[in-house]
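See below for the structure under consideration.
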Amino acid sequence: MAVKGSKVKPMRIIPHSPLASAVRWLVLLVLFVACVGGAYYTGVWFTKERYESLEAAAGAKQDQATAELSRQVAQLRTGAEVDRQTMEDLRQLVMTQKAQISASERDLRVYKDLLSPSVKTNPLGISFGVFTVLPLKDSGHFSYSLTVQKLSTKEADFSGTLEFRIIGQQNGKTLQLSLYQVSSQVTVPSIPLNFKYFQTLEGDMTLPSGFTPQNVELVVKTLDKKAPPLVTAELDWPMSATKPNKSIP
C-alpha cells in the first residue's frame with residue numbers, strides 16, 4: 001500500500017548470475033591492464049624519443065666542437081710549420097750573406113796585396129768567391145759550389161790547377177779527404193783551371209759515415225813557371241751544411 005504523496009520508483013528483478021558478474025569483472029580488469037600498459041609504453045616511447053633527440057643534439061654539438069678544435073689544431077700546426085720554414089729560410093739567408101761577406105773580405109785582402117808596394121802575398125790575384133755546401137736528402141750527401149776568380153789586372157787567361165781538400169774529424173782523429181775521393185764529378189787530385197775572369201766548380205759529394213768536416217783547404221797552382229808557384233786559402237765548413245734540408249724531395 002503506497003503512502004500518499006511518495007514517489008514510486010520502478011524496479012525490476014535481475015536474476016543472480018555469478019558467471020556474468022565474473023565476466024564483467026574480467027572485462028574491466030582487461031581494460032584496466034590495457035590502459036595501464038598503453039600508458040606505460042606510451043610514456044616509454046616518448047621518453048625514448050626525447051632521449052634520442054637530446055643524444056642527437058649533444059652528438060651534433062660534440063662533433064661541431066671536435067671539428068672546431070681540429071681546425072684550430074690545423075691552424076696552429078700550419079702556423080708552426082710556416083714559422084719553422086721562415087726561420088729556416090732566414091737561417092739560410094744569413095749563412096749565404098755571411099759567405100758573401102767572407103768572399104768580399106777575401107777579395108779585399110787580395111786587392112790590398114796587389115796594391116801594396118812591399119807585401120805581395122798573392123801576386124797572381126787569385127781569390128775564392130762564395131763557397132756554399134747544401135745538405136741533400138740522404139745523410140752525408142751534399143751539393144757544393146765554389147768560384148775561383150782572378151782579380152789581377154792582367155788580361156791573359158789563367159791556367160793552373162786546384163787542390164781541394166776537406167779537413168775534419170772521424171773517430172777522434174784528424175782526417176783529410178781530397179774532393180776526388182768524395183765527388184763523382186772530380187776524378188783527379190788536381191782540378192784543371194782555365195779562365196779569364198772566374199771559374200765555378202759545382203757538384204755533389206758523399207762524406208764517410210761518422211766524418212765531421214771542419215774546414216776546406218784550397219791550393220791553386222799556376223802552369224806559368226815564371227809566376228809564383230801557388231796560392232793557398234783555408235775556408236770554414238759552412239754552417240748551412242750542418243743541418244739536413246727537409247724541403248729537398
Side-chain angles (χ1 to χ4, degrees), residues 80-81 83-110 121-122 124 126-149 160-194 198-223 228-249:
E81 180 64 22
D83 292 341
R84 188 199 65 79
Q85 186 62 42
T86 301
M87 291 298 295
E88 179 64 21
D89 292 342
L90 290 175
R91 192 181 71 86
Q92 294 288 351
L93 179 60
V94 170
M95 292 298 104
T96 301
Q97 290 179 344
K98 286 184 177 180
Q100 292 174 347
I101 292 174
S102 298
S104 299
E105 291 176 347
R106 292 194 298 270
D107 292 346
L108 182 59
R109 288 196 298 269
V110 173
T121 59
N122 189 356
L124 293 178
I126 296 298
S127 177
F128 301 98
V130 178
F131 172 53
T132 59
V133 178
L134 297 176
L136 300 177
K137 183 178 180 181
D138 297 331
S139 177
H141 293 251
F142 304 87
S143 65
Y144 66 88
S145 175
L146 172 67
T147 300
V148 183
Q149 55 197 12
T161 60
L162 168 67
E163 296 179 6
F164 187 117
R165 291 185 285 268
I166 304 170
I167 313 299
Q169 294 285 325
Q170 186 178 42
N171 299 326
K173 297 181 180 180
T174 301
L175 180 63
Q176 179 176 285
L177 298 173
S178 295
L179 185 60
Y180 81 96
Q181 295 177 298
V182 296
S183 177
S184 59
Q185 288 84 13
V186 180
T187 57
V188 292
S190 298
I191 305 171
L193 296 178
N194 193 339
F198 66 91
Q199 181 174 336
T200 300
L201 307 176
E202 295 179 330
D204 299 336
M205 66 173 69
T206 302
L207 300 181
S209 177
F211 177 74
T212 302
Q214 296 175 336
N215 49 62
V216 172
E217 185 180 78
L218 303 172
V219 178
V220 173
K221 297 180 181 180
T222 179
L223 300 180
L230 56 85
V231 175
T232 63
E234 187 173 294
L235 308 181
D236 293 333
W237 185 259
M239 292 297 295
S240 59
T242 59
K243 185 177 180 181
N245 191 347
K246 298 181 180 180
S247 63
I248 300 177

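Predicted model, so just to flag it, every value in this text is computed and none were measured.
The salt bridge (Lys or Arg N to Asp or Glu O under 4.0 Å) contacts involving residues 202-217 comprise Arg165-Glu217, where partners must be two or more places apart or lie in separate chains. The salt bridge (Lys or Arg N to Asp or Glu O under 4.0 Å) analysis of residues 168-189, with sequence neighbours excluded, yields no pairs.
If you run side-chain contact (heavy atoms from CB on, under 4.5 Å) between Phe131 and each of Leu218, Leu201, Val216, Thr147, only Val216 comes through. Evaluated for a side-chain contact (heavy atoms from CB on, under 4.5 Å) with Ile126, the options Leu162, Thr222, Thr232, Val220 yield exactly one hit, Val220.
Shortest non-hydrogen contact noted between Gly160 and Leu223 is CA-CG, 3.8 Å. Thr187 and Ser184 make their closest contact through CG2-O, 4.4 Å (heavy atoms, listed as atom of the first residue, atom of the second, distance). Of all heavy-atom pairs between Tyr180 and Val188, the closest is CB-O, 3.4 Å.
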Side chain to side chain donor-acceptor pair (under 3.5 Å) between Gln169 and Thr174, worked out: CA-CA 5 Å; Gln169 294 285 325; Thr174 301; 2.9 Å; yes

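Remark: the backbone N or O of Met205 is not paired with any side-chain donor or acceptor of Gln185 at under 3.5 angstrom.
Qualifying salt bridge (Lys or Arg N to Asp or Glu O under 4.0 Å) partners for Glu234, counting only residues two or more places apart in sequence or in other chains: none.
Note that CD1 of Ile167 and CD of Gln214 are 9.0 Å apart. Values are rounded to the nearest 0.5 Å. Within the model, atoms CG of Leu177 and CZ of Phe211 stand 4.5 Å from one another, a figure rounded to the nearest 0.5 Å. Note that the CG atom of Leu193 and the OG1 atom of Thr161 stand 6.5 Å from one another [nearest 0.5 Å]. Here the CD-OG1 distance, from Gln149 to Thr200, works out to 9.0 Å after rounding to the nearest 0.5 Å.
By the 4.5 Å heavy-atom criterion applied to side chains, Phe164 and Val186 are not counted as neighbours. You'll find the side chain of Gln170 reaches within 4.5 Å of the side chain of Pro208, heavy atoms only.
Between Phe142 and Trp237, the ring planes are perpendicular. Angles over 60° get that label, and only those under 30° would be called parallel.
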